[in-house]
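First the structure, in the form of structure tokens, and then the observations on it.
Just follow the structure's listing: the first ligand is 1, and inside any ligand the first atom is 1. Nothing fancy with the numbering, it's 1 onward along the sequence.
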Amino acid sequence: MTAQRIDGNALSQILRADVTKRATALKAKGITPGLAVILVGENPASQVYVRNKVKACHDSGLHSLLEKHPDTLTQEALLDRIGALNQDTSIHGILVQLPLPKHIDAQKVIEAISPAKDVDGFHIASAGALMTGMPGFWPCTPYGCMKMLESIGYELKGKHAVVIGRSNIVGKPMALMLLQMNATVTICHSATQDLKAITLQADVIVAAVGKRNILTADMVKPGAVVLDVGMNRNEEGKLCGDVDFAGVEQVAGYITPVPGGVGPMTITMLLVNTLEAAERI
Ligand code: NAP
């Protein structure tokens, strides 16, 4: 069996076209959805990420404000800026690019963002809303994974989903979203014993570790759906995921490639969240 690929670029195009349509409708009512992106310091990867986010806003007809600050910015000054953006009616979403310099407490900064503008979904209020099934912003990467499952018409009810990784931004919210859709969920992490025995039972596997080849063909049940969140570099410096794609593709029913899988969906869901923040006004 060769797995069907779930194309994150193609799905993103469809979802972004819908964002543009809804943004146009909002503009007709005098509201232009706006995202503020704050970058502190010179981290090269972060610079690429924020550039991509700003470009995605522009391409979808959303207003964006990019604020670049030197890494000498104090925590107090950053909190002041967030306070001002919380009050700014032209801004509906606020994103602080992580990681922040060491002298700044990232959690404190995230908690300073108004939950109504927390389009990254990292605020403790957003996490609590997801935990309790209340309305709130879902973190973009696992939200994108859910959209990918929806795009193939996958019925999660009663299925066994295994999430490898338990970070606050991917693994844990992913598990909660799958649970909300009535999957039976197992979360694996670095202390999990016999990962293979668990993944072999899975109908859906989400790999969110950050280690190449954490999931190989012998660990996958034939026909399973495999979503690869990982972003790593191989020996040649090429982007690759956590999954041994060539091997797992021969066993799985569906698989997401890297690049062109979950990655583009993350930015797409940021646009969706920003649009929804503006629609809720
Ligand atoms: P993270 O905070 O480093 O979390 C990694 C998780 O993997 C941890 O929970 C860790 O367990 C677990 N882990 C480590 N070694 C393991 C092993 N041998 N077996 C099972 N679990 C193991 O990373 P993250 O922020 O969640 O990101 C994960 C990956 O996704 C990274 O490659 C990141 O670059 C990528 N990512 C991609 C996107 C995208 O848009 N495509 C977005 C976000 C992240 P412990 O908790 O026990 O340490």
Side-chain angles (χ1 to χ4, degrees), residues 5-9 11-12 15-16 37 43-46 48-53 55-56 95-100 106-107 110 119-122 126-127 130 137-149 161-178 185-202 205-216 218-220 226-234 237-245 248 255-273:
R5 294 187 189 194
I6 311 177
D7 183 339
N9 285 320
L11 180 56
S12 282
L15 294 173
R16 289 185 194 197
V37 180
N43 182 317
S46 294
V48 175
Y49 294 147
V50 298
R51 206 182 307 136
N52 289 344
K53 288 167 186 174
K55 183 178 180 306
L95 179 154
V96 179
Q97 185 64 44
L98 301 176
L100 286 166
Q107 199 55 41
I110 290 166
V119 289
D120 248 345
F122 296 164
S126 303
L130 173 59
F137 292 112
W138 283 7
C140 301
T141 301
Y143 191 11
C145 290
M146 293 304 283
K147 284 284 172 194
M148 292 180 116
L149 291 171
V162 171
V163 180
I164 318 175
R166 58 171 166 182
S167 70
N168 289 337
I169 62 168
V170 188
K172 280 186 213 158
M174 183 79 249
L176 288 168
M177 290 172 201
L178 292 162
V185 182
T186 303
I187 306 175
C188 300
H189 46 76
S190 65
T192 296
Q193 290 184 19
D194 202 352
L195 182 64
K196 178 178 169 179
I198 298 169
T199 57
L200 272 174
Q201 297 172 31
I205 304 172
V206 182
V209 174
K211 286 184 182 159
R212 277 178 66 201
N213 298 334
I214 195 88
L215 192 78
T216 48
D218 58 322
M219 300 168 74
V220 177
V226 176
L227 306 180
D228 191 353
V229 177
M231 287 200 313
N232 310 294
R233 297 270 166 197
N234 67 13
K238 277 176 67 181
L239 189 65
C240 61
D242 287 350
V243 175
D244 170 23
F245 187 85
V248 172
I255 190 166
T256 64
V258 178
V262 176
M265 291 299 293
T266 296
I267 296 190
T268 298
M269 300 325 292
L270 175 68
L271 300 175
V272 170
N273 279 348

Exercise for review: Decide whether an N or O pair under 3.5 Å exists between Ser167 and ligand 1.
Suggested key: yes
Point to revise | atom 39 (C) of ligand 1: the protein heavy-atom neighbour that sits closest, reported with distance to 0.1 Å | key: Thr266 OG1, 3.6 Å
Review point. Is there side-chain contact between Met174 and Met146, with at least one heavy-atom pair below 4.5 Å?
Key: yes
Check your understanding: What's the shortest distance from atom 15 (N) of ligand 1 to any protein heavy atom, and which residue and atom give it?
Key -> Lys211 NZ, 3.0 Å
Check your understanding: Taking the side chain as C-beta and beyond, is there a heavy-atom pair between Leu100 and Leu98 under 4.5 Å?
Key -> yes
Check your understanding: What part of Val229, side chain from CB on, backbone N/CA/C/O, both or neither, has a heavy atom under 4.0 Å from ligand 1?
Key -> both
Practice item. Indicate yes or no: does an N/O atom of Ile169 lie under 3.5 Å from an N/O atom of ligand 1? Key: no
Review point. Given that the side chain starts at C-beta and the backbone is N, CA, C, O, which of these parts of Met265 lies under 4.0 Å from ligand 1, counting heavy atoms, or is it both or neither?
Key: neither
Exercise for review: Could I get the full list of ring pair (Phe, Tyr, Trp, His ring centres under 6.0 Å) partners for Tyr143, not counting sequence neighbours?
Suggested key: Trp138
Study note, to complete from the structure: Between Val243 and Asp228, the two heavy atoms sitting closest are N-OD2, 3.1 Å
Point to revise | Flag side-chain contact, heavy atom, 4.5 Å: Ile169 against Pro139 | key: no
Check your understanding: Which ligand 1 atoms does Ala208 reach within 4.0 Å, using its non-hydrogen atoms?
Key -> 5 (C), 6 (C), 7 (O), 28 (C)
Review point. Using a heavy-atom cut-off of under 4.0 Å, does the side chain or the backbone of Ile214 touch ligand 1, or both, or neither?
Key: side chain
Review point. Among protein heavy atoms, which sits nearest to atom 48 (O) of ligand 1, and what does the distance come to when rounded to 0.1 Å?
Key: Ser190 OG, 3.6 Å
Check your understanding: Is the closest heavy atom of Ile164 to ligand 1 under 4.0 Å?
Key -> yes
Review point. Any side-chain heavy-atom pair from Leu11 and Met265 closer than 4.5 angstrom?
Key: yes
**Study point:** atom 33 (C) of ligand 1: the protein heavy-atom neighbour that sits closest, reported with distance to 0.1 Å
**Key:** Met231 N, 4.3 Å
Check your understanding: If we only count heavy atoms from C-beta on, is the Val229 to Asp242 side-chain gap below 4.5 Å?
Key -> no
Exercise for review: May I ask you to identify, for Val209, whether its side chain, its backbone, both or neither come under 4.0 Å of ligand 1 on a heavy-atom basis?
Suggested key: both
Practice item. Decide yes or no for Thr216 and Met219: does some side-chain heavy atom of the first lie under 4.5 Å from some side-chain heavy atom of the second? Key: yes
**Study point:** atom 44 (C) of ligand 1: the protein heavy-atom neighbour that sits closest, reported with distance to 0.1 Å
**Key:** Val170 CG2, 4.0 Å
Check your understanding: Do the side chains of Asp120 and Cys140 get nearer than 4.5 Å, heavy atoms only?
Key -> yes
Review point. Does ligand 1 have any atom sitting under 4.0 Å from a heavy atom of Gly171?
Key: no
Check your understanding: Are the side chain of Ser167 and the backbone of Val170 linked by a donor-acceptor contact shorter than 3.5 Å?
Key -> yes
Review point. Heavy atoms only: which of Thr141, Leu98, Asn232 is nearest to atom 42 (C) of ligand 1?
Key: Thr141
Review point. Heavy atoms, side chains only, cut-off 4.5 Å: are Val258 and Phe245 in contact?
Key: no
Exercise for review: Give me the one residue out of Val206, Ile198, Leu215 that meets side chain to side chain contact (heavy atoms under 4.5 Å, CB included) with Ile164.
Suggested key: Leu215
Review point. Which residue owns the protein heavy atom closest to atom 20 (C) of ligand 1, what's the atom, and how far is it?
Key: His189 O, 3.2 Å
Study note, to complete from the structure: Gly263 heavy atoms within 4.0 Å reach ligand 1 at atoms 40 (O), 41 (N)
Check your understanding: Please state which protein non-hydrogen atom is closest to atom 8 (C) of ligand 1 and give its distance, to 0.1 Å?
Key -> Arg166 N, 4.0 Å
Study note, to complete from the structure: Residue, atom and distance of the protein heavy atom nearest atom 29 (C) of ligand 1 read Gly210 N, 3.7 Å
